[in-house]
Amino acid sequence: MPLPSHPLRKLGFLTIGLFDEADPRRGHESTLEIIELGERLGFDSAWVRHRHLQYGISSPVAVLAAASQRTSRIELGTAVIPVGWENPLRLAEDLATVDILSGGRLNPGVSVGPPMHYDQVKQALYPDTGDVEDFSYARVERLLDLVRGKSATDFSGVEGFEVFSDRVQPHAAGLGRRMWYGGGSLRSAQWAGEHGMNLLTSSVVKAEESEDFAEIQRSHIRTFRAHHPDGDRARVSQGLVVIPTDSASPEQRETYEEYALKRTSRTATPQGPARMMFAPDLVGTSEEIAERLYSHAAFREVDEVAFALPFTFGHEDYVQILTDIATRLGPALGWQPAA
């Protein structure tokens, strides 16, 4: 997006879906209501995070199956499913099923690597194979092959009264082109491009060639497209935490500013031995945020975004933030709501 005159094409949002352990249904219902609101406001996509053994969405595919029956147009994505927790064949079946139920609106985002706190969880997750599980990119390759219709077995045909297929069923035509990789390094950006995926740029990246977050994110986008068969037409969605305050109450503004302030120190320099860089949260009026985005090196490379909702706010805060994004920030970026 080199000029403000070039409009933002797709506007989405990402939510973590927190819930109270004592009342998990209320939190899940809130997530579904937020997705429904997003569709009414004209958002192009709604994405859910994935959390295991925490008080956030542990089964995004199930949540999006429910969302698919309460919406008719908005695209539904995961950002992201850590495939180290999953059996690729079973996940491929679940994704295809939800894509069919949604009418072809599912956008699965995935990532690789061992599960968080693996030494503590592997006995429960993989009691017999924990020390030999493959958490490399090959695990995502298996998922891609299965989603895209490659054979899962050398057996097919009729056995008694049952008919067997040699590939995942249902087969969701088009789903293979809507697979996304959540990458935060040059290596992952290159791998995603080489394997024909779409790229979800992360708000947490490795400081490999720079200590400027926007420059790092831009380098990932350019590396991805340089290795993708579609080149500059390859799809990238930028992820940042964006909190417009246009219609916020004074109390909400104070909460938002305090939230961002507490997280600001980690954005100044690389964190930890892995040298991770965190994106600054963008808080202010839509006009102020739009100005900051147009000066953001990575934002100028994309024409679709999935702005992340903060982790710990209340339902009414998310309603205000999403409404301001759709009615004020989006139009300030040249975006038009879907009909």
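The figures that follow rest on heavy atoms only: side chains count, while hydrogens, waters and symmetry mates do not. All residue numbers in this chain count up from 1 along the given sequence.
- Crowding of Asp232 atom CG: a count of heavy atoms from other residues, nucleotides or ligands under 6.0 Å not exceeding 12.
- Between atom CG of residue Leu64 and atom CD1 of residue Ile57 there is a gap of 7.5 Å, rounded to the nearest 0.5 Å.
- Other residues sharing the hydrophobic cluster of Leu14, ordered by chain and number and joined by side-chain separations under 4.5 Å: Trp47, Val80, Trp180, Leu200.
- At least one donor-acceptor pair closer than 3.5 Å links the side chain of Arg73 to the backbone N or O of Glu39.
- Within the 4.5 Å cutoff, no side-chain heavy atoms of Glu86 are placed close to those of Asp94.
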Decide ring pair (Phe, Tyr, Trp, His ring centres under 6.0 Å) for Tyr259 and Phe311; before the verdict, give the C-alpha distance in whole Å, the side-chain angles of both, and the deciding distance to 0.1 Å.
-> CA-CA 10 Å; Tyr259 173 87; Phe311 281 5; 7.8 Å; no
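- Aromatic ring pairs are classed by plane angle as parallel below 30°, tilted from 30° to 60° and perpendicular above 60°; the pair His52 and His50 is tilted.
- Here Phe224 and Tyr181 keep their ring centres 6.0 angstrom or further from each other.
- In terms of modelled atom types and a separation under 3.5 Å, the side chain of His227 and the main chain of Thr223 share a donor-acceptor contact.
- Other residues, nucleotides and ligands contribute over 12 non-hydrogen atoms within 6.0 Å of the CD atom of Gln54.
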Evaluate the salt bridge (Lys or Arg N to Asp or Glu O under 4.0 Å) criterion for residues Glu33 and Arg70: first the C-alpha distance (whole Å), next the side-chain angles of each, then the deciding distance (0.1 Å), finally the verdict.
-> CA-CA 9 Å; Glu33 290 172 3; Arg70 294 168 61 154; 5.1 Å; no
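- At a threshold of 4.0 Å, the pair Arg90-Glu93 counts as salt-bridged, since one of the basic side-chain nitrogens sits closer than that to a carboxylate oxygen.
- The CZ atom of Arg40 lies 10.5 Å from the CG atom of Leu322; values are rounded to the nearest 0.5 Å.
- Atom CD of Glu287 sits in a sparse spot, with 12 or fewer heavy atoms from other residues, nucleotides or ligands closer than 6.0 Å.
- Once rounded to the nearest 0.5 Å, the distance linking CZ of Arg263 with CG of Asp281 reads 4.0 Å.
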Step by step, work out the side-chain contact (heavy atoms from CB on, under 4.5 Å) result for Val236 and Glu301.
-> CA-CA 9 Å; Val236 178; Glu301 299 282 322; over 6 Å; no
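- No donor-acceptor pair closer than 3.5 Å links the side chain of Tyr126 to the backbone N or O of Asp131.
- Atom CD of Glu291 sits in a sparse spot, with 12 or fewer heavy atoms from other residues, nucleotides or ligands closer than 6.0 Å.
- Expressed to the nearest 0.5 Å, how far CZ of Phe307 lies from OG of Ser237 amounts to 9.0 Å.
- Follow the hydrophobic side-chain contacts under 4.5 Å out from Val112 and you never reach Val204; the two are in separate clusters.
- Side-chain atoms of Thr267 and Thr264 form no donor-acceptor pair, as typed in the model, at a separation below 3.5 Å.
- Between the side chain of Asp246 and the main chain of Asp324, no donor-acceptor pair closer than 3.5 Å is present.
- The backbone N or O of Leu11 lies less than 3.5 Å from a partner atom in the side chain of Asp44, making a donor-acceptor pair.
- Of the possible donor and acceptor atoms, none in the side chain of Arg139 sits under 3.5 Å from a partner among the backbone N and O of Pro88.
- Of all non-hydrogen atoms in Pro331 and Ala326, the two that sit nearest each other are CD-O, 3.3 Å.
- With hydrogens and angles disregarded, no donor-acceptor distance shorter than 3.5 Å links the side chain of Thr78 to the backbone of Pro60.
- Judged by distance alone, with hydrogens and angles left aside, the side-chain atoms of Arg177 form no donor-acceptor pair with the main-chain N or O of Met197 at under 3.5 Å.
- Between the CG atom in Asn198 and the CZ atom in Arg235 there is a gap of 5.5 Å [rounded to 0.5 Å].
- Of the possible polar contacts, one joining the Thr327 side chain to the Thr323 backbone as a donor-acceptor pair under 3.5 Å is found.
- Every residue was checked against the salt bridge (Lys or Arg N to Asp or Glu O under 4.0 Å) condition with Glu288, not counting sequence neighbours, and none meets it.
- Rounding to the nearest 0.5 Å gives a distance of 11.5 Å between CZ of Phe13 and CD1 of Ile321.
- The closest donor-acceptor contact from the side chain of His171 to the backbone of Arg167 lies at 3.5 Å or more, if one exists at all.
- Residues Lys206 and Ser185 share a closest heavy-atom pair of CD-CB, 4.0 Å.
- Two rings, from Phe278 and Phe213, have their centers 6.0 Å or more apart.
- Around CD of Gln69, the count of heavy atoms belonging to other residues, nucleotides or ligands within 6.0 Å exceeds 12.
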CA sep, side-chain torsions, deciding dist, call: Met277, Gln271, side-chain contact (heavy atoms from CB on, under 4.5 Å) | CA-CA 6 Å; Met277 291 290 298; Gln271 304 291 301; over 6 Å; no
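- The aromatic rings of Tyr55 and Phe19 sit perpendicular, their planes meeting at an angle over 60°, well past the 30° parallel limit.
- Atom CD of Glu21 has 12 or fewer neighbouring heavy atoms from other residues, nucleotides or ligands inside a 6.0 Å radius.
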